[in-house]
Enquirer: 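Mind having a look at this structure? Questions to follow.
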Number of protein chains: 2
Amino acid sequence: MTSEQAQVVPKNLAEPLWGSIGFLLSKAADQVESQFATALGPHGITPREYGILTTIARRGPQSQQQIGSQIGIDRTTMVNLVDSLEESGLVERVRDAKDRRRYALTLSPAAEKLVHKTLPVVDAETHDQYLAPLTAAERDTLVDLIRRLVAHNADNAAR
Amino acid sequence: MTSEQAQVVPKNLAEPLWGSIGFLLSKAADQVESQFATALGPHGITPREYGILTTIARRGPQSQQQIGSQIGIDRTTMVNLVDSLEESGLVERVRDAKDRRRYALTLSPAAEKLVHKTLPVVDAETHDQYLAPLTAAERDTLVDLIRRLVAHNADNAAR
DNA sequence: TATTGTTATACTCTATAACTATA
DNA sequence: TATAGTTATAGAGTATAACAATA
């Protein structure tokens, strides 16, 4: 997989790049995001907005840049996303009293309910569906392997 | 990972979404592509152009749409990519004699050399570096798990 | 009528630079 | 001087519609 091609793959999977870990990761990431976006659609948010909401829920009110840096979104891109969340009535831009340059992004009651009741179910269902072909042990293994890869390559990454 | 958050993760990895397989896959895919793009840069091609070249090399001359469908690139996007490869002298647009609507994209001698001598090395080095934290057995496991996921979700995928 | 490649167009995502208000 | 948020802008990547040549 790393270098050469003489790999035995299922018939319909005998595409040229099916031995490439990069191609596989890219495909898998696209699939998960697509399915997650479809599942989130009825609730009026996108996967990235989900990331913002859950980040606030777990870490408390934070500035836009703090949130963006945790989930890999530029501060200029955060502006539009927070605009959208604010228009949806899910997030409020509250000025940080200690530093009035920044906001303390806060979840609305509707967002609290969404994050703690609805979204965990959507998240679980989507992941269960996507990971269906794997056993519980295999799922744990997969997460462990990818987490180690991402951690190891986090520094070097150009990104 | 599938649903709940009470996961034990390394300190610096205790980000809100580090238990989400979708977030991890997305991060990993970004890292690999970034590193691969950096490695390919000196050779004048991008990861997607690499995909086109290797597809022609393995399956022989094909139409732009045939190639695009195998690596997930729209036919309108293929036009620009092939333009670029043609300007670089790596690919030639030869009319298919049996169906003059389509081309039989062909590798130039320079591309043949690149694909068979240079790129396998670049590919191997990039993957070895990215997969460094995993043992050989773990690498095989990873590819197997992701391949099964991608295959299983290929049909349902909205894309 | 249908299909391949093409062009024009638009939409999303992202990033850079410059501005404002605060520090 | 530096930082958080904002705006304008531009660049990738992608997708839709319409067209010419060919089937």
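What's counted below: heavy atoms across the whole structure, side chains too, no hydrogens, waters or symmetry copies. Just so it is clear: chains get the letters A, B, ... in the order the sequence lines come, proteins before strands, and each one is counted from 1.
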Enquirer: For the residue pair Q66(A) / R59(A), report whether a side-chain donor-acceptor contact shorter than 3.5 Å exists.
Expert: no
Enquirer: For the pair made of CD in Q65(A) and P in dA2(D), what is the distance, rounded to whole Å?
Expert: 16 Å
Enquirer: Can you tell me how far P of dT4(C) sits from CZ of R93(B), to the nearest Å?
Expert: 15 Å
Enquirer: If you check every side-chain atom of D74(B), which of dT16(D), dG5(D), dG5(C) has the closest atom?
Expert: dT16(D)
Enquirer: Taking CG from N80(A) and C1' from dA8(D), how many angstroms apart are they, rounded to a whole number?
Expert: 12 Å
Enquirer: Are there more than 12 heavy atoms of other residues, nucleotides or ligands under 6.0 Å from atom CD of E33(A)?
Expert: no
Enquirer: Looking at Y103(A), I'd like to know whether one of its side-chain N or O atoms comes within less than 4.0 Å of OP1 or OP2 on dT3(D).
Expert: no
Enquirer: Consider the side chain of Q64(A), meaning its heavy atoms from C-beta on, and name the nucleotide among dT6(C), dT4(C), dG5(D) that approaches it most closely.
Expert: dG5(D)
Enquirer: If you take atom types as modelled and just measure distance, does the side chain of T76(A) reach the base of dA15(C) with a donor-acceptor pair under 3.5 Å?
Expert: yes
Enquirer: Under 3.5 Å, is there a donor-acceptor pair between the Q65(A) and R102(A) side chains?
Expert: no
Enquirer: Distances under 3.5 Å only, N/O to N/O: pair up the protein atoms with those of nucleotides 19-23 of chain D.
Expert:
| residue | atom | partner | partner atom | Å |
| --- | --- | --- | --- | --- |
| dA23(D) | OP1 | R100(B) | N | 2.9 |

Enquirer: For the pair E49(B) (side chain) and T46(B) (backbone), establish whether a donor and an acceptor sit closer than 3.5 Å, ignoring hydrogens and angles.
Expert: yes
Enquirer: Expressed in angstrom and rounded to an integer, what is the separation of I73(A) atom CD1 from dG5(D) atom P?
Expert: 14 Å
Enquirer: Pick out which of K27(A), Q35(A), Q31(A) makes a side chain to side chain donor-acceptor pair (under 3.5 Å) with N153(B).
Expert: Q35(A)
Enquirer: Using whole Å, what does the distance between atom P of nucleotide dT12(C) and atom CD of E33(A) come to?
Expert: 14 Å
Enquirer: If each of V79(A) and L81(B) is mapped to the nucleotide of DNA chain D with the nearest heavy atom, which maps nearer the 5' terminus, i.e. the 5' end?
Expert: V79(A)
Enquirer: Taking atom P of dC13(C) as reference, at what distance in whole Å does atom CD1 of I52(A) sit?
Expert: 12 Å
Enquirer: Measure the distance from CE on M78(B) to C1' on dA15(D) and round it to the nearest whole Å.
Expert: 15 Å
Enquirer: Is it true that D144(B) and R139(B) have a side-chain N and a carboxylate O under 4.0 angstrom from each other?
Expert: no
Enquirer: Report yes if the distance between the aromatic ring centroids of F36(B) and Y50(B) is under 6.0 Å, otherwise no.
Expert: yes
Enquirer: Report the stems of DNA chain D as range-with-range entries sorted by first number; a stem here is at least three consecutive pairs, Watson-Crick or G-U wobble, both distances under 3.5 Å, and write none if there are none.
Expert: C:1-23 with D:1-23
Enquirer: Identify whether any heavy atom of R95(B) sits under 4.0 Å from a base atom; if not, whether one sits that close to sugar-phosphate; answer base, sugar-phosphate or nothing.
Expert: nothing
Enquirer: Under the 3.5 angstrom rule, does the side chain of T106(B) hit a backbone N or O of A104(B) as a donor-acceptor pair?
Expert: yes
Enquirer: To the nearest Å, give me how far apart CG (D83(B)) and P (dA8(C)) are.
Expert: 12 Å
Enquirer: How would you list, by chain and number, every residue that makes a side-chain contact (heavy atoms from CB on, under 4.5 Å) with V79(A), sequence neighbours excluded?
Expert: Q64(A), D83(A), R93(A)
